[in-house]
Amino acid sequence: MFPLSSENLLVASLKFCAGVCSGIVFLIILFVANEAIPSFTSPGFTAFFTDEAWYPTYNQFNLVPMIIGTLCLASGAVLLSAPLGILSALFCHFYGKGLTLKIYRRIIELLAGVPSVVFGFWGLMVLVPMIAKIAQPGASLLAGVLILFIMILPTMALTADVALEQVPKSLIQGSYALGYTKTRTLLSVVLPSAKSGLAVGFILQVGRALGETMAVLMVTGNVVQIPESVFNPIRALTSNIALEMAYAVDHHRSALFFTGLILILVVLALVLLSHSLQRTADGR
Amino acid sequence: MLKLLALVGFTLSLSQFSFSAEKLVLTGSSTVAPLLGEIAKRFEKSHNDVRVDVQTGGSSRGIADTRQGVADIGMVSRALKPSEKDLTAFTVAMDGIGMIVHSSNPIEKLTQEQILNIYKGKVKSWKNVGGPDKSVTVVNKAEGRSTLELFLKHFQLKPYEIKASVIIGDNEQGIKTVAGNPNAIGYVSIGAAEFSISQGVNIKLLPLNGIVSSTENVRNGRFPLSRPLNLVAKGEVSGLKKQFIEFAKSSEVSDLVRDQYFVSVEQ
């Protein structure tokens with residue numbers, strides 16, 4: 001149909017690569033869903049929300065405390081990191097200069113590259129004993145929130161940095177020309193204009209906070225309960241999979257896959273949300 | 001296009017090359033895996049064309065993988081259950097589970113009853129068992145771990161009776177958790193605990209029923225909370241599998257068993 005030019009070959013191979021990439025994602029979702037299906041018949045969908053507790057070897061499959069624990073953990077971490085991330089980006093763009101700025105940017109990038117298990121280890125050896133001095137046992141929701149906060153702060157700062165970069169220079173200059181001060185410009189022109197870009201970064205960080213496993217597993221204590229205070233231990237959905245998957249059989253196993261399916265769907269929803277936000281922003 | 005074909009051909013020939021070596025796959029208990037990893041290295045040295053792949057994942061996985069044929073040999077850190085008699089077990093070493101507390105904890109011993117009450121949440125403060133007025137941090141293992149199973153069986157507990165403050169995965173995490181918390185109590189493999197103590201980690205082992213938690217007492221069978229570390233295989237054991245299992249049981253590797261602070265069965 002078409003002559004086999006190098007152009008066509010390139011397009012074809014690019015299409016092939018894109019197909020493989022998206023195919024892998026679909027295969028993973030299909031696999032997880034397929035493994036989770038037995039859990040819909042037994043223990044049954046409602047069992048995950050109405051059972052008395054989570055004792056999978058005794059046919060008790062209540063996920064509610066872990067869902068609540070995960071939400072507390074992720075929202076706590078994101079609420080702490082978002083303002084600091086945005087302030088950090090404002091510093092980079094409008095206040096930092098020369099060598100200080102260069103060093104600061106490298107430090108943020110370095111922080112973004114530290115493996116999660118290192119944060120977890122540090123949390124277990126330093127943060128948890130510190131919290132234990134205030135309230136036993138130390139391994140707690142608070143420890144998890146703080147570790148996650150440190151982990152997602154650099155990426156929050158970097159995405160906010162990109163969002164500020166996209167604010168048109170003409171807007172800022174216009175604002176100065178109207179006699180606005182620097183602070184007024186930042187608050188009334190830059191931030192509103194970067195709003196949707198910042199929101200996209202925010203949502204992606206929520207996704208990351210929900211999915212983080214190793215560090216959280218090491219510092220939250222992993223007791224399945226609804227936290228009454230920030231000093232209570234909790235178990236996140238991801239930690240539950242990591243702790244028990246290697247040993248799980250039958251219903252227990254499919255229940256864990258069900259947990260995984262929930263996580264995938266929530267993250268998928270977040271990605272779609274950030275995508276539509278991005279589109280509204282671009283269509284402005 | 002030609003380049004791509006050449007690349008594919010090259011990859012195929014490479015993969016064929018790696019298939020030419022005989023391969024043994026071992027999966028199972030996280031307690032047994034480090035020991036078998038060392039044994040496997042030594043075995044590979046004397047058998048040039050054999051690759052031994054040791055993967056961890058828990059005793060249950062060792063059983064399941066061996067049944068399904070995913071693994072040639074399973075590693076199981078307990079005696080086989082009656083329902084698992086389709087597999088054959090070969091004991092390579094013994095291990096004991098010891099109660100550990102932080103080294104600054106003044107408690108020197110706990111009775112069976114006291115440990116039971118601490119884990120059931122009836123004793124909430126160290127004061128009630130002769131210690132300081134500090135609340136007890138109960139460290140428990142996650143469901144499915146063989147250490148938990150053995151602990152529950154010994155103390156005749158059900159999982160839902162335990163009121164844990166912290167739940168952990170493997171021995172290493174348990175030791176780190178107790179070392180980082182002066183009020184914690186936990187239970188881990190005695191071998192792993194003795195090794196950590198020799199490395200200067202801030203934990204100490206408590207005696208059980210008046211018997212000192214040591215590898216010595218596990219070897220002579222006096223220690224009550226102990227378990228065999230088994231290799232399991234399905235059906236007739238022959239050829240390479242047989243060679244490897246005999247090697248793992250032999251005195252050629254007893255120094256490796258000792259290095260892991262386990263107790264060798266070969267006298």
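Below, chains carry the letters A, B, ... as their sequence lines are ordered, and counting in each starts from 1.
- The line from OG of S60(B) to NE2 of H252(A) is 10.0 Å long, rounded to the nearest 0.5 Å.
- For Q173(B) against M218(A), the heavy-atom pair with the smallest separation is NE2-CA, 3.8 Å.
- Annotation: Q156(B), atom CD; neighbour count of heavy atoms from other residues, nucleotides and ligands within 6.0 Å does not exceed 12.
- For the set V139(B), T137(B), D170(B), the count of heavy-atom pairs under 4.5 angstrom toward chain A peaks at T137(B).
- Residue-level contacts of residues 228-239 of chain A with chain B, in order of numbering, are P233(A), R235(A); threshold 4.5 Å between heavy atoms.
- In this structure, no portion of I63(B) lies under 4.5 Å from any heavy atom of chain A.
- Contact annotation for V128(A): neither backbone nor side-chain heavy atoms come within less than 4.5 Å of a heavy atom of chain B.
- Of all heavy-atom pairs spanning S165(B) and V223(A), the tightest one is O-CG2, 3.2 Å.
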inquiry  = The test is side chain to side chain contact (heavy atoms under 4.5 Å, CB included); show your working for E143(B) and W54(A) and say whether it passes.
reply    = CA-CA 10 Å; E143(B) 289 224 10; W54(A) 173 264; 5.8 Å; no

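- Counting non-hydrogen atoms of neighbouring residues, nucleotides and ligands closer than 6.0 angstrom, the CZ atom of F121(A) reaches no more than 12 such neighbours.
- The nearest pair of heavy atoms linking N222(A) to I167(B) is ND2-O, 3.0 Å.
- Across all their heavy atoms, A142(B) and L243(A) have their closest contact at CB-CD2, 3.9 Å.
- Among G138(A), P56(A), S140(A), the residue making the largest number of heavy-atom pairs under 4.5 Å with chain B is P56(A).
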